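This structure is a prediction, so every number in the text was calculated from the model and none was measured.
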Amino acid sequence: MNKNPNKRRQQTRDIKTPKYAKPAKSENRQNSEAGGGVADKLNAWRDLHAHALFSSLGRLVASPFSSVMTIAVLAIAISLASGFYLVLVNFQQLTNHLETSTQISLFLKEEVSDIRASKLLESIKDNPKVQQATLISKEQALEEFKTYSGFGSAVSALKTNPLPIVIQVLPKNSLTDKNELEALQHEFQQNEGVDQAQLDMQWLARLQSIIAVGERAAGLLNLMLGLAVVFITANTIRLELHSRREEVIIAKLVGATHAFIRRPFLYAGAWIGFISGIVAWFIVTVMMLILRSPVETLSSLYGGHFHLLFFGFVETIKLIALSTALGVIGSWAVLVYQLQRTKPE
């Protein structure tokens with residue numbers, strides 16, 4: 001038996017630690033970028049937003065009564081604003097049929113012959129500012145006067161025709177540019193064969209004033225109803241945040257950022273605005289369908305061919321996008337304020 005303890009420990013050390021043994025390498029190597037690569041980060045971002053998107057929709061479905069009431073109020077507000085806009089668009093379409101009210105009437109001098117009047121008519125038609133020009137001879141003017149004046153027998157007693165040759169000119173863009181109309185009227189007045197160029201500027205000014213008032217009223221109404229949508233959405237999200245206050249506090253305690261906490265609430269506001277916009281579109285469309293038949297019947301009684309305009313594809317997309325944006329804005333505004341006040345006790 002070997003009684004030397006130092007020698008025994010040396011032999012044991014040699015057995016446990018081989019002479020040519022290499023230290024074990026760590027199998028858990030870290031990635032070159034903290035948190036994974038770009039693809040991993042994009043996948044994580046996608047998963048987080050998808051979860052927030054559908055979980056927020058699930059919470060709206062889980063409380064149907066409050067969700068339906070909120071969406072109904074918002075849809076009515078949005079439909080009022082969009083409906084007023086559509087009425088204004090149809091009114092502008094109606095005024096396009098009144099362009100003849102802004103025509104320029106050229107009363108030719110008495111000595112102007114029919115041949116000279118025809119040549120003047122052709123030169124006026126070549127003017128790039130003129131949309132249409134019509135010649136009314138003395139005989140045609142006299143017949144119209146007999147028909148519509150009610151003095152047919154008195155006019156027939158006249159030995160000569162006192163009415164001049166008239167050229168009716170319909171300018172282009174007559175409802176939008178008053179200064180061009182005045183310049184065109186002055187240009188026709190300088191013609192040698194024209195005795196008087198008459199334009200009903202008072203009617204044109206009234207028509208343009210009505211359109212301007214309607215546009216201003218539509219803008220103010222849309223602004224007020226847009227603010228109402230923002231405030232209603234903000235109050236809805238505030239109530240939702242209050243009901244989930246303990247969940248928010250726990251999330252803050254474990255280190256969640258405000259952006260992470262805001263995400264599902266913002267998606268909830270987007271869902272509310274999106275659904276409200278779709279419902280508002282249906283409300284306005286149904287209202288226009290109800291009004292279409294009596295309006296077109298009234299138009300036909302006056303000899304017109306007026307057809308109501310509905311929302312087009314682009315206008316529908318804009319309506320839904322705007323209502324969704326208003327929902328997000330209202331949610332974000334209340335969340336920024338409320339999350340600063342919500343602190344763990």
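Side chains of Leu225 and Val229 form no contact here, defined as non-hydrogen atoms less than 4.5 Å apart. Between Val194 and Leu108, some side-chain heavy-atom pair lies under the 4.5 Å cut-off. The closest side-chain heavy-atom distance from Ile250 to Glu247 is not below 4.5 Å. Using a 4.5 Å heavy-atom threshold, the side chains of Thr233 and Ser331 count as touching. Side-chain contact between Glu315 and Phe310: absent, with no pair of heavy atoms (C-beta onward) separated by less than 4.5 Å. Between Arg263 and Tyr267 the shortest side-chain heavy-atom distance falls below 4.5 Å. With contacts defined as side-chain heavy-atom distances shorter than 4.5 Å, the pair Leu339/Leu241 qualifies. Side-chain contact between Phe188 and Asn127 is present, with heavy atoms from C-beta onward closer than 4.5 Å.
A distance of 11.0 Å separates CG in Asn222 from CD1 in Ile78, rounded to the nearest 0.5 Å. One finds the CG atom of Leu86 at 10.5 Å from the CG atom of Leu319 (value rounded to the nearest 0.5 Å). Atom-to-atom distance recorded for Phe265:CZ and Ile237:CD1 is 7.5 Å, nearest 0.5 angstrom. One distance of note links OG1 of Thr70 with CD1 of Ile232; it measures 8.5 Å at 0.5 Å rounding. Note: Met287 CE to Phe282 CZ = 15.5 Å, rounded to the nearest 0.5 Å.
With a 6.0 Å radius and a threshold of 12 heavy atoms from other residues, nucleotides or ligands, Gln190 has its CD atom above the threshold. For Leu220, the CG atom sits in a packed shell: over 12 heavy atoms of surrounding residues, nucleotides or ligands are nearer than 6.0 Å. Counted within 6.0 Å of CD on Glu110, heavy atoms from surrounding residues, nucleotides or ligands total 12 or fewer; the atom is thus considered open.
Note: His49 and Trp45 have tilted aromatic rings, judged against thresholds of 30 and 60 degrees for the angle between ring planes.
Smallest separation of non-hydrogen atoms from Ala75 and Val279: CB-CG1, 3.6 Å. Nearest approach of Asn90 to Leu309, heavy atoms of both residues: OD1-N, 2.6 Å.
Here the side chain of Gln189 pairs a donor or acceptor atom with the backbone of Ala197 at under 3.5 angstrom. At least one donor-acceptor pair closer than 3.5 Å links the side chain of Ser323 to the backbone N or O of Gly273.
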